[in-house]
Amino acid sequence: MAYVVSELVVDAPVEKVWAAWDDFGNIDRFNPAINKSRLLEGSPQGGEGASRQCDLADGKNFVRERVIESIPNKRMVIDIYEGSVPLKSAAGTLDFQPMGPSKTKVTMRLDFVPKFGLLGKLMVPLMRPQFLKNVKEMLAGNAAYVERGEVVSRA
């Protein structure tokens, strides 16, 4: 399994940072790679079992994701279980570490297995930089949203 990891310190308390991520149906407010997101029918708003569909900014692709682990203000694990992107499987792990009363370090690790067997494995070196860019932009978008209320512009 391949992965990318990035971290960013957000100038906000962990509870505020967590609340933005736990508002699971509205990640489009701060992720520039997503055109529109919405909770799937019957899904809770946040926490384990929450599921959403994210329509990507390219206007053609989508992913469906669900929270498979939720420890408020500490960790969230998101399973990317379906979509039109070339991934056999993927999971994002977000870890939240308070750095005092008004700063939070957010670390995101994205583990992924591409489709297409051997050809997919050969594509990993090309996929890693793009996934890392996406993770960094998502973390920066979250920081702007939490710190200043900025809704991100689309990619």
Side-chain angles (χ1 to χ4, degrees), residues 1-12 14 17-40 43 46 48 50-71 74-97 99 103-155:
M1 184 173 290
Y3 72 93
V4 296
V5 65
S6 186
E7 63 184 37
L8 185 68
V9 175
V10 181
D11 289 326
V14 69
V17 177
W18 173 266
W21 288 98
D22 197 42
D23 183 12
F24 202 64
N26 293 309
I27 193 171
D28 58 347
R29 292 180 180 164
F30 61 82
N31 185 340
I34 297 173
N35 188 44
K36 179 78 177 138
S37 61
R38 65 186 175 284
L39 290 174
L40 294 175
S43 176
E48 284 185 34
S51 60
R52 67 181 171 212
Q53 178 165 319
C54 300
D55 299 326
L56 303 185
D58 66 8
K60 300 178 223 170
N61 291 296
F62 75 95
V63 292
R64 290 192 176 144
E65 305 171 327
R66 69 180 147 233
V67 178
I68 59 172
E69 182 180 345
S70 178
I71 304 169
K74 294 191 185 302
R75 174 175 273 205
M76 180 183 292
V77 180
I78 301 164
D79 176 35
I80 302 167
Y81 66 90
E82 185 180 343
S84 58
V85 295
L87 293 173
K88 183 176 181 180
S89 65
T93 301
L94 291 149
D95 287 304
F96 303 85
Q97 180 182 356
M99 307 290 289
K103 288 193 183 291
T104 304
K105 180 166 73 170
V106 181
T107 303
M108 182 172 189
R109 177 181 167 126
L110 177 66
D111 293 277
F112 64 95
V113 177
K115 290 180 181 176
F116 311 122
L118 180 58
L119 178 60
K121 286 181 184 178
L122 294 172
M123 297 288 290
V124 166
L126 300 172
M127 297 171 85
R128 259 196 191 111
Q130 183 61 48
F131 284 155
L132 183 58
K133 177 181 180 272
N134 290 350
V135 166
K136 287 182 175 192
E137 288 176 351
M138 185 176 2
L139 291 174
N142 172 260
Y145 179 71
V146 171
E147 293 170 359
R148 298 179 298 281
E150 294 177 15
V151 174
V152 75
S153 60
R154 300 296 158 234

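Note that CZ of Arg64 and CG of Asp79 are 13.5 Å apart. Values are rounded to the nearest 0.5 Å. If you take CG on Leu132 and CD on Glu137, they are separated by 10.0 Å, rounding to the nearest 0.5 Å. A distance of 5.0 Å separates CZ in Phe62 from CD in Glu82, rounded to the nearest 0.5 Å. Residue Ile27 holds its CD1 atom at 6.0 Å from CD1 of Ile78, rounded to the nearest 0.5 Å. To the nearest 0.5 angstrom, Asn26 atom CG is 7.0 Å from Leu39 atom CG.
For the pair Asp28 and Cys54, the minimum side-chain heavy-atom distance is 4.5 Å or more. By the 4.5 Å heavy-atom criterion applied to side chains, Met76 and Asp22 are counted as neighbours. Contact annotation: the side chain of Ile34 never approaches that of Met138 to less than 4.5 Å [non-hydrogen atoms, C-beta and beyond]. Looking at Pro114 and Met123, their side chains never come closer than 4.5 Å, going by heavy atoms from C-beta outward. Between Asp95 and Glu7 there is no side-chain heavy-atom pair separated by less than 4.5 Å.
For Ala20 against Phe30, the heavy-atom pair with the smallest separation is O-CE2, 3.7 Å. When all heavy atoms are compared, the tightest approach of Arg128 to Val4 is O-CG1, 3.5 Å. The shortest non-hydrogen separation linking Trp18 to Ser70 is CZ2-OG, 3.5 Å. The two residues Ser51 and Tyr81 make their nearest non-hydrogen contact at CB-OH, 4.4 Å. Counting all heavy atoms, side chain and backbone alike, Ser89 lies closest to Met1 at OG-CE, 4.4 Å. Leu139 approaches Leu8 most closely through the heavy-atom pair O-CD2, 3.4 Å.
For the pairing with Thr93, the side-chain contact (heavy atoms from CB on, under 4.5 Å) check across Met108, Arg75, Glu69 returns one residue only, Arg75.
Applying the side chain to side chain donor-acceptor pair (under 3.5 Å) rule to pairs touching residues 142-151 yields Trp21-Asn142, Arg29-Tyr145, Arg148-Glu150, sequence neighbours excluded. Among residues at least two apart or in separate chains, ring-ring contact (aromatic ring centres under 6.0 Å, His included) pairs with a member in residues 109-128 are Phe112-Phe131. Under the salt bridge (Lys or Arg N to Asp or Glu O under 4.0 Å) criterion, the residue pairs touching residues 51-63 are Arg38-Asp55, Arg52-Glu65, with sequence neighbours excluded.
Judged by distance alone, with hydrogens and angles left aside, the side-chain atoms of Thr104 form a donor-acceptor pair with the main-chain N or O of Ala12 at under 3.5 Å.
In this structure, Lys115 places its NZ atom where more than 12 heavy-atom neighbours from other residues, nucleotides or ligands lie under 6.0 Å away.
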